Each structure stands twice: as C-alpha cells, then as structure tokens.
2 protein chains.
Amino acid sequence: MPPNIALPCLCASFRRASRALTQVYDDALRPLGLRVTQFTILQALALTSEISQGELGHLLVMDSTTLTRTLRLMRARGWIEERPGKDRRERWLRLSAAGQKQLQRATVPWESLQDRLRSRFGAARWNRLLQTATEMSHGV
Amino acid sequence: MPPNIALPCLCASFRRASRALTQVYDDALRPLGLRVTQFTILQALALTSEISQGELGHLLVMDSTTLTRTLRLMRARGWIEERPGKDRRERWLRLSAAGQKQLQRATVPWESLQDRLRSRFGAARWNRLLQTATEMSHGV
DNA sequence: CCCATAAAGATGTATACACATCTATTGCAG
DNA sequence: CTGCAATAGATGTGTATACATCTTTATGGG
C-alpha cells in the first residue's frame, strides 16, 4: 500500500530487492520443495561439473563454512555427491543423478519466471542488470 | 582466484551481489557494533519519524514477523522506542535519542563508503542502480 | 449486541549467513 | 627431516529471514 520508498543505501536497496526477488523465485519453486538458494547451488554445480567447496564459495561469494550446512542438507536429500580431493582437506562436489533430475524439474518454472521478468524489463536492461550484479559481486 | 562467473539467474545474481555488498558495508560499520541490516532500520526510522511495524515491513519488503526479533534486539540496545497504536494490535516505532546518536555515528563511515562506491560506478550508473533496485522491490 | 472473519504481531521452527575458533592437512624454511 | 605457518573445512554461536500457527484486537453483517 505505501508506495515503495527509495532507500539511499545501495546495500539496503540490493538486500530489499533480493528479498523481493527471493519471494517470487521461492514461490515458483515451492511446488518442488526447493528454495532458490539450493536451486542456485544445483545450477552452479551443473555449470562447473565438479568443484571444491571453497571454490564454490568463491563463485557464490559465500563463506565456505556457510556451505557446510547447506550442502549437508542437500546431500541428505541425495542431490549432491562428495569426494575428498588429492588434498585431503578438500571436498569435491558434483550433482548426483537425483540432483540432475531435480535441477531439470526445477528449471521449468524457473525458466518461465526468468522469461516473464526478462520481458518485463526488456532484454537490454535485463542483460545490464545481470552484468552489473555480477560485476558488483567481485569488485566492490 | 576463479574469475567471477556470471550466473544466469537474476535472483541468484542479486543475492550474490547483496552478499558482496553486505561484506563491505558490515566491515565499514563493524567498529560501531552495527550491521547494515540494523543500520537500515535506523535509517528507515529516521526517514519516517514514526511508523508501525507492519508498515516498516512493507517499506523494507520484509515479513513483519522477522522484524519482531530484530526490533527486540535493537530495543534491548536502547535504540528504539515502541508504543501501542490507537489500534492496540499495532506497535508504533521511533528512534530513541540513543538511536539517533548511533545513527549519526554510523552515518560517517557509511557515507564514506557510499561516496567511494558512487565514484566507482559514476553518478549516472549509481542512480540507475538505486532506481532499478527500488523498482524491483515492488514490481516483480 | 453477537458472531464470524480479518488483521497485527508473537512464537515455534527451519533455513541462510558470517565470524571465531578448532582440527586436520599441506607446504615450506631451515 | 622437522617444525611452523598457512589453508580447507567443521563446529559453536549469533543474527537474518520466512512461513505456519496462535492470540489479541478490530470490523462488519445479522
């Protein structure tokens, strides 16, 4: 009801936008029992095929110890397989068959939502948004 | 080490950017014992002077029950005062004197960081970023 | 006035997230 | 080779976040 007020803080603006986006993405994925956070990890693993936990943390700009618990949940659901690396401190991750299947299922509503938002913003602006967000993930 | 890879998902991109931004903002505010989440609430209360918990939730696109716990912490620190509304289900919030003081202190490093990022992106792009993020907080 | 429904928040529960600290490794200087 | 610093990840703790459910209060229809 209150017109959405501009926040002067870039971080606050992005966090707020993230909450709003998370709502719609989680809504779209809810029938699959999946949240966008875990969907993102499935997608990242599909893109990289195999990656260590630390490298995944870098990729997602997320503390690798945060991944410890999320990955534990996903492993319990059977979506992820782990093996130790040559460096035995490392854990190397990849999608299991069930994880690939779950990712495929989830990609359907995700793609619909992406298409909807892309046409809402227009392709040019959509691409700028993705690029700027990506840029902000390393630089700042 | 890995060049930051583009994520195809808009939500994932924004969440990742939010994590990166939160890192630098939290670093800037850490000497004050304040995180950007609570700083945002202080700032929102300064902007609105007085607001109900539900309206604050709308403003921040945040479930009002999430605010219950954050506000409890901030009230315990003495930064926020609450009073019941005419509608006695409501809680009306405003900054205490200590809250205004804390906001003032925190605004110094926050402003420096904002300036740094603004000059990094350029004013035009900075403004577009803020506007787009704000727009995304209602529309989507 | 009375009841049914809706709205505002509180509480229970689960996930997401980061930092401090700990353990197990690795790699390197000597 | 040995010992020590650095790294990968696990664990403890505290905050952030949402949803389901509950309680209290308001509101509207009879």
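Letters go in sequence order (proteins before strands), and every chain restarts at 1. Not measured: the values here are computed from a predicted model.
- Under the 4.0 Å criterion applied to side-chain N and carboxylate O atoms, B:E135 and B:R128 are not assigned as salt-bridge partners.
- Nucleic acid contact for A:L67: none, since no nucleic acid atom lies under 4.0 Å from a heavy atom of the residue.
- Comparing B:G85 and A:T68 by the nucleotide of DNA chain D whose heavy atom lies nearest to each, the residue mapping closer to the 5' end is A:T68.
- Distance, B:L71 CG to C:dG9 P: 10 Å, rounded to whole Å.
- If you take CD of A:E90 and C1' of D:dT7, they are 9 Å apart, rounded to a whole angstrom.
- You'll find the side chain of B:F39 reaches within 4.5 Å of the side chain of B:T107, heavy atoms only.
- Contact of the A:T134 side chain with the B:R16 side chain is registered, since non-hydrogen atoms from C-beta on lie closer than 4.5 Å.
- Listed nucleotides C:dT15, D:dT15, C:dG9 differ in distance to A:R77; the shortest reach to its side chain belongs to C:dT15.
- Between the CD1 atom of A:I51 and the C1' atom of D:dA8 there is a distance of 14 Å, rounded to whole Å.
- The heavy-atom pair separating A:L32 from A:A106 by the smallest distance is CD1-CA, 3.5 Å.
- Distance from the side chain of A:D87 is smallest to C:dT25 among C:dT25, D:dG9, C:dA7.
- Between the CG atom of B:L56 and the C1' atom of D:dT17 there is a distance of 14 Å, given to the nearest Å.
- The side chain of B:R72 places no N or O atom within less than 4.0 Å of a non-bridging phosphate oxygen (OP1 or OP2) of D:dA16.
- Summarising the geometry, the separation between OH on B:Y25 and C1' on C:dA18 is reported as 19 Å, rounded to the nearest angstrom.
- The backbone N or O of A:P8 sits less than 3.5 Å from a side-chain atom of B:Q114, completing a donor-acceptor pair.
- Atom-to-atom, CZ of A:R88 to C1' of D:dT7 comes out at 15 Å; the value is rounded to the nearest Å.
- Atom CZ of A:R91 and atom P of C:dA24 are 14 Å apart (whole Å).
- Between the side chain of B:R89 and the base of C:dA7 there is at least one donor-acceptor pair of N/O atoms closer than 3.5 Å.
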Q. Which nucleotides of nucleotides 18-23 of chain D have their base under 4.0 Å from a protein heavy atom (B), which only their sugar-phosphate (S), and which neither (-), written as one string 5' to 3'?
A. BBB---

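- Here A:E90 contributes atom CD and A:I51 contributes atom CD1; the two are 11.0 Å apart, rounded to the nearest 0.5 Å.
- For the pair B:L29 CG and C:dC19 P, the computed distance is 13 Å after rounding to whole Å.
- Looking at A:R83 and A:E50, a side-chain N of the basic residue comes within less than 4.0 Å of a carboxylate O on the acidic one, giving a salt bridge.
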